[in-house]
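Please read all numbers here as calculations on a predicted model, not as lab measurements. By convention here, the first residue in the shown sequence is residue 1.
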Amino acid sequence: MARRPLPRILSTGSAQIARSRELARTAADSATDVLHPLITITRGLRRLASAGRRRWADTPKDRRGPLLFLVASVVLVVALVPYGPLLAVITVMAAAAWQGRDHRPPEPEGPDESQTQRLQSLYEALVPYFSAAEDPAPLYTHGGEWEKAFPAYDFDGTGRITRLVIHYPAYFTDGEAPSRARIEQLLYAKSGRGREYHFTWDEEGNQLTVSVLVPLPTDIAAQRFVTAPGETVLGFTDPTQVQRTLPLGYGDGQRDVPPVVWRTGIRSTEPHLLVMGQPGSGTSTLLRSIALQALQYGDVVVVEGGGTGEYACLTGRDGVLAVECGLAGALASLEWAATETERRLIAANRARQAGHPPPDDTRRPLWILLDRPSAFTHLAAADGRTDPQSLLQVPLRHGRAANVTVVVADQFDSAEALSDPVRQHTRARVVLGPATPDQLEAVLGAPAHTTPVTQVPPGRGYARLGTGPVHRLQVPATPDPYDEATSEAHRQAVLALLPPRTTPADGETVPAEAVVAEAP
């Protein structure tokens with residue numbers, strides 16, 4: 001069937017509207033240029049009138065009579081003098097034009113002396129890296145001009161660089177990671193430490209853009225995020241990195257913040273997550289945030305190797321199948337999880353062969369959250385028992401088809417104790433806390449295009465989902481509500497997201513009428 005052409009009003013309407021807007025904009029600019037003297041004089045008359053009213057209001061009442069007599073005398077003299085009214089009008093217009101001019105000082109063209117010195121020192125520091133003895137017309141030379149090398153630059157109020165565009169010669173090895181790392185480290189040291197810089201390399205145009213990143217917000221509390229089933233918010237990132245925002249509550253207000261969304265389930269390409277960090281970097285906070293979101297649609301099994309009771313608030317909650325802190329309980333829970341994964345696979349396979357949809361008990365997501373499993377590895381080796389990580393092989397290999405998701409969090413000093421299945425099947429990666437570039441690249445599989453800083457708030461780090469880009473990440477504040485150091489606002493935010501406690505720790509079901517709501 002041949003396509004019918006669009007009506008002429010639809011096919012040409014947008015072009016006519018754009019042309020009309022352009023004509024209107026041009027006419028407005030022309031009218032502003034023509035009427036600029038009249039606008040200036042009108043503004044000056046308004047300022048002179050305001051000054052006269054202020055003068056009259058500041059004059060005492062006993063002096064207003066002589067002032068009126070003086071003004072009347074001046075008007076009479078001007079009226080009697082030949083060409084007096086004309087000269088008076090000319091004088092008033094000139095005064096109005098003078099008062100109506102733009103009093104703002106003209107913006108200085110180019111950098112000031114301190115900024116010029118900073119750019120010149122940065123140029124001199126780049127000479128050994130961007131120059132060669134065989135270059136007949138070098139762009140970078142000692143004592144050379146920085147204007148050609150730095151075509152664009154911006155400074156903040158303190159005189160430090162916030163954005164800089166750098167041209168470099170074509171023979172520079174910008175395709176080699178060590179060469180780029182040296183330049184980035186030099187720019188980080190010379191432009192000001194303590195800030196995060198983003199480096200954008202344009203190999204085709206031989207151009208490097210350095211920009212200072214705004215700190216990510218740290219005041220985002222735990223809350224119910226607007227996501228679909230199978231989507232988990234790991235944290236929040238820069239607005240230029242993602243094409244989606246989430247409405248978040250900030251006290252009485254609301255803001256839209258770009259999130260890092262991790263998709264799990266049957267169609268996920270990164271079904272499992274690995275979180276690495278230093279002590280106190282916020283790995284347990286991220287696991288609590290994931291658990292609160294997972295309980296909305298599925299069941300959760302928590303295995304804590306640190307033994308600090310970080311997840312005691314989840315004990316006995318609806319959907320929380322177990323919270324284990326000991327080696328025996330961890331082995332039992334993970335063995336059950338492996339058996340449950342196999343059962344789900346068999347049930348789904350039989351239903352598929354019979355032409356039926358998968359059973360309902362295989363479609364409900366099951367989450368296995370392990371915090372510091374390497375601690376159990378040492379205990380199991382000492383007692384001659386099975387390593388709990390060996391029981392993760394089935395959930396990791398077949399978890400996506402069985403709607404089973406595994407999240408492992410550990411510390412850098414125990415990274416060597418992680419098993420090979422954990423390393424191979426956790427394609428979603430998160431690094432929290434201070435980390436060196438080598439540590440970031442080892443965990444994420446790609447270097448971060450920003451300079452990591454040594455002092456970061458808890459929950460601050462980087463995330464990479466599969467083979468995607470590396471995102472800056474700030475985890476929402478999800479502290480332990482039973483911790484005395486937790487603020488009251490954050491405690492209430494976490495308690496509001498917890499499911500009701502209808503099952504005590506011993507597994508006995510509590511009647512609904514006997515459930516007592518927790519005191520806020």
Side-chain angles (χ1 to χ4, degrees), residues 154 156-158 162-163 194-198 200 211-264 273 275 277 281-297 313 428 430-433 448-453 455-465 468-481 483 485-499 520:
D154 291 318
D156 58 8
T158 61
T162 58
R163 183 176 179 274
R195 301 184 297 174
E196 287 189 272
Y197 295 87
H198 184 267
T200 304
S211 56
V212 178
L213 297 175
V214 179
L216 295 176
T218 58
D219 55 348
I220 302 177
Q223 54 192 283
R224 190 65 69 196
F225 303 118
V226 183
T227 56
E231 292 183 345
T232 303
V233 176
L234 299 179
F236 302 91
T237 185
D238 301 298
T240 58
Q241 297 293 322
V242 295
Q243 301 178 354
R244 177 181 177 181
T245 59
L246 290 180
L248 301 180
Y250 282 81
D252 298 334
Q254 194 176 44
R255 288 168 52 187
D256 292 339
V257 182
V260 178
V261 178
W262 172 40
R263 292 174 177 85
T264 58
L273 174 68
V275 184
S281 59
T283 55
S284 299
T285 298
L286 177 56
L287 261 64
R288 267 191 303 270
S289 176
I290 293 175
L292 293 178
Q293 298 179 63
L295 287 173
Q296 189 178 3
Y297 303 106
C313 60
V430 172
V431 176
L432 298 180
H449 295 289
T450 62
T451 53
V453 294
Q455 299 294 332
V456 294
R460 173 70 176 82
Y462 298 88
R464 189 187 186 209
L465 305 179
V470 178
H471 300 283
R472 286 204 308 166
L473 183 73
Q474 178 62 51
V475 177
T478 316
D480 182 9
D483 189 357
T486 302
S487 64
E488 187 62 25
H490 288 165
R491 178 182 292 108
Q492 295 300 328
V494 174
L495 291 176
L497 298 177
L498 287 172

Engineer: With sequence neighbours left out, what residues match T478 under side chain to side chain donor-acceptor pair (under 3.5 Å)?
Structural biologist: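 For T478 there are no side chain to side chain donor-acceptor pair (under 3.5 Å) partners, ignoring immediate neighbours.
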
Engineer: With a cut-off of 6.0 Å (strictly less than), are more than 12 heavy atoms of other residues, nucleotides or ligands near NE2 of H449?
Structural biologist: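 Count not over threshold, so no.
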
Engineer: Pair T232, L273 - check side chain to side chain contact (heavy atoms under 4.5 Å, CB included), show working.
Structural biologist: CA-CA 11 Å; T232 303; L273 174 68; over 6 Å; no

Engineer: Do L292 and L498 make a side-chain contact, defined as non-hydrogen atoms from C-beta onward lying under 4.5 Å apart?
Structural biologist: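 Yes, at least one pair of side-chain atoms sits under 4.5 Å.
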
Engineer: With sequence neighbours left out, what residues match D483 under side chain to side chain donor-acceptor pair (under 3.5 Å)?
Structural biologist: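 Checked D483 against side chain to side chain donor-acceptor pair (under 3.5 Å); zero matches.
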
Engineer: Who are the ring-ring contact (aromatic ring centres under 6.0 Å, His included) partners of F225, not counting sequence neighbours?
Structural biologist: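 Testing F225 for ring-ring contact (aromatic ring centres under 6.0 Å, His included), a comparison that skips the adjacent residues, returns F236.
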
Engineer: Sequence neighbours excluded, which residues qualify as side chain to side chain donor-acceptor pair (under 3.5 Å) partners of Y197?
Structural biologist: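 Expected list: R195.
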
Engineer: Decide side chain to side chain contact (heavy atoms under 4.5 Å, CB included) for V261 and R244; before the verdict, give the C-alpha distance in whole Å, the side-chain angles of both, and the deciding distance to 0.1 Å.
Structural biologist: CA-CA 9 Å; V261 178; R244 177 181 177 181; 4.0 Å; yes

Engineer: My understanding is that only residues two or more places apart in sequence, or in another chain, count here; which of them pass side chain to side chain donor-acceptor pair (under 3.5 Å) with E196?
Structural biologist: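 Counting only residues at least two positions away or on another chain, E196 forms a side chain to side chain donor-acceptor pair (under 3.5 Å) with R460, Y462, R472.
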
Engineer: Please check if the side chain of Q293 supplies one atom and the backbone of R288 the other of a donor-acceptor pair under 3.5 Å.
Structural biologist: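 Side chain of Q293 to backbone of R288: no pair is present.
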
Engineer: Say whether, by atom type as modelled, one donor and one acceptor occur between the side chain of R464 and the main chain of G468 under 3.5 angstrom.
Structural biologist: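 Present.
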
Engineer: CG of L473 to CG of L286: how many Å apart, nearest 0.5 Å?
Structural biologist: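 So the gap between those two atoms works out to 7.0 Å.
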
Engineer: Applying salt bridge (charged side-chain N to carboxylate O under 4.0 Å, His left out), can you list everything that pairs with R163, at least two apart in sequence or on another chain?
Structural biologist: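 Counting only residues at least two positions away or on another chain, R163 forms no salt bridge (charged side-chain N to carboxylate O under 4.0 Å, His left out).
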
Engineer: Quick one: does any side-chain atom of T162 pair with a main-chain N or O of D154 as donor and acceptor, under 3.5 Å?
Structural biologist: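 The answer is yes, because a donor-acceptor pair under 3.5 Å joins these two groups.
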
Engineer: Do Q474 and I220 come close enough that some side-chain heavy atom pair is under 4.5 Å?
Structural biologist: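 No; the side chains remain at least 4.5 Å from each other.
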
Engineer: I'd like to check P481 versus T486 (side-chain heavy atoms, cut-off strictly below 4.5 Å). Are they in contact?
Structural biologist: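 The answer is no; the side chains never approach within 4.5 Å.
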
